[in-house]
Visitor: 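Structure in structure tokens, see below.
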Amino acid sequence: MAVLPDRSLGLLGTNVDLVGAWARVHRQETEPLAADSPDRPQSIATRGIARVWRLDGTAFHDGPTVPLERPSLRLAGFSDGRWLITATNACDEANGRVFAPDGTLLSRIDLGDAVEYLDIDANDRAWVGWFDEAFSATWSASPTL
């Protein structure tokens with residue numbers, strides 16, 4: 001979930017059971033799960049899709065459906081209807097994706113590893129906080145992305 005610039009709520013849902021996959025990983029101490037198991041979160045995420053909705057306090061509004069790609073995501077929304085979805089871990093690749101309101105991928109950006117917080121302010125600047133660092137930084141996304 002994410003609070004959007006217009007104070008509505010953005011919701012990200014998936015068609016796969018990531019909670020169950022993470023629970024299996026956490027039980028690995030007693031029930032080892034093979035590294036190549038199709039039940040691991042990354043394997044499940046590559047088969048899944050993500051759906052975004054906006055709740056304005058009265059009704060749900062459909063947003064885009066996009067490939068899930070990664071098992072741990074953060075969501076933020078721009079004032080013009082674009083969406084920023086980022087994987088919490090970069091794995092040496094661009095982990096942020098900017099989507100148009102219709103789900104078209106506009107750009108990929110590197111927001112760094114260990115993303116814990118993601119927000120868009122009233123000026124459409126993205127704020128990112130990392131759980132392994134003691135600071136946050138901003139990244140400004142122009143409407144032309």
Visitor: In the single-linkage hydrophobic clustering (I, L, V, M, F, W, Y; side-chain heavy atoms under 4.5 Å), do V66 and V16 co-cluster?
Guide: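 Yes, same cluster.
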
Visitor: Whether the side chain of R74 engages the backbone of I85 through a donor-acceptor N/O pair (distance < 3.5 Å, no angle test) should be reported.
Guide: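 Side chain of R74 to backbone of I85, a donor-acceptor pair under 3.5 Å: no, none is there.
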
Visitor: Are any of the side-chain heavy atoms of L118 and L75 separated by less than 4.5 Å?
Guide: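 No, every pair of side-chain atoms sits at 4.5 Å or beyond.
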
Visitor: Which atoms form the tightest heavy-atom contact between G77 and P5, and what is the distance?
Guide: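 What the structure gives for the nearest pair is O-CD, 2.9 Å.
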
Visitor: Between L84 and F78, is there a side-chain heavy-atom distance shorter than 4.5 Å?
Guide: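 Yes, side chains in contact.
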
Visitor: Hey, is the main chain of G103 close enough, under 3.5 Å, to the side chain of W83 for a donor-acceptor pair?
Guide: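 No; judged by distance alone, with no hydrogens or angles, the pair does not exist.
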
Visitor: Does D6 reach the main-chain N or O of S79 with its side chain, forming a donor-acceptor pair under 3.5 Å?
Guide: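 Checked: no pair found.
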
Visitor: Got a second to check how far Y117's OH is from W130's CH2, nearest 0.5 Å?
Guide: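 So the OH of Y117 and the CH2 of W130 are separated by 13.5 Å.
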
Visitor: Flag the pair L105 / V98 as yes when at least one side-chain heavy-atom distance between them is below 4.5 Å, and no otherwise.
Guide: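 L105 does not reach V98 side chain to side chain.
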
Visitor: Is N15 reaching over with its side chain to a backbone N or O of I49, donor-acceptor style, under 3.5 angstrom?
Guide: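 Checked: pair present.
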
Visitor: Do L12 and L18 sit in one hydrophobic cluster, given that two such residues count as connected whenever their side-chain heavy atoms are within less than 4.5 Å of each other, even indirectly?
Guide: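 In one cluster: yes.
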
Visitor: Using modelled atom types and a 3.5 Å cut-off, is there a donor and acceptor pairing between side-chain atoms of N95 and backbone atoms of G112?
Guide: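 Yes, N95 side chain to G112 backbone: donor-acceptor pair under 3.5 Å.
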
Visitor: Do the side-chain N and O atoms of W127 and D121 include a donor-acceptor pair separated by under 3.5 angstrom?
Guide: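 Yes, a side-chain donor-acceptor pair sits under 3.5 Å.
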
Visitor: Looking at P71 and A45, what are the two nearest heavy atoms and their distance?
Guide: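 For P71 versus A45, the nearest heavy atoms are N-CB, 3.5 Å.
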
Visitor: Once you round to the nearest 0.5 Å, how far does CG of L68 lie from OG1 of T46?
Guide: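 Separation between the atoms: 8.5 Å.
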
Visitor: I need the minimum non-hydrogen distance between P101 and R82, along with the two atoms involved.
Guide: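 For P101 and R82, the tightest heavy-atom pair comes out as CG-N, 4.1 Å.
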
Visitor: In terms of hydrophobic clusters joined by side-chain contacts under 4.5 Å, are L4 and L11 together?
Guide: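 Not linked; separate clusters.
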
Visitor: Quick one: does any side-chain atom of N123 pair with a main-chain N or O of R125 as donor and acceptor, under 3.5 Å?
Guide: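 Checked: no pair found.
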
Visitor: Quick one: does F99's side chain get under 4.5 Å of T104's, heavy atoms only?
Guide: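 No, side chains not in contact.
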
Visitor: For the CG atom of L73 and the OG1 atom of T14, what is their distance to the nearest 0.5 Å?
Guide: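 Between L73 CG and T14 OG1, I get 9.0 Å after rounding to 0.5 Å.
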
Visitor: To the nearest 0.5 angstrom, please state how far the CG atom of D110 sits from the CG atom of D92.
Guide: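 Interatomic distance, D110 CG to D92 CG, rounded to 0.5 Å: 9.0 Å.
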
Visitor: Given the rule that I, L, V, M, F, W and Y join up when any side-chain heavy atoms are under 4.5 Å apart, are F60 and M1 in one cluster?
Guide: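 Result: yes, single cluster for both.
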
Visitor: Do W53 and I120 belong together in a cluster built from hydrophobic side chains that touch within less than 4.5 Å?
Guide: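 No.
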
Visitor: With a 4.5 Å heavy-atom cut-off, do D17 and I44 have their side chains touching?
Guide: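 Contact flag for D17/I44 side chains = no.
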
Visitor: According to salt bridge (charged side-chain N to carboxylate O under 4.0 Å, His left out), does anything in residues 55-70 pair up with another residue at least two apart or in another chain? List the pairs.
Guide: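 Matches after skipping sequence neighbours: R51-D62, E69-R97, E69-R108, R70-E93.
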
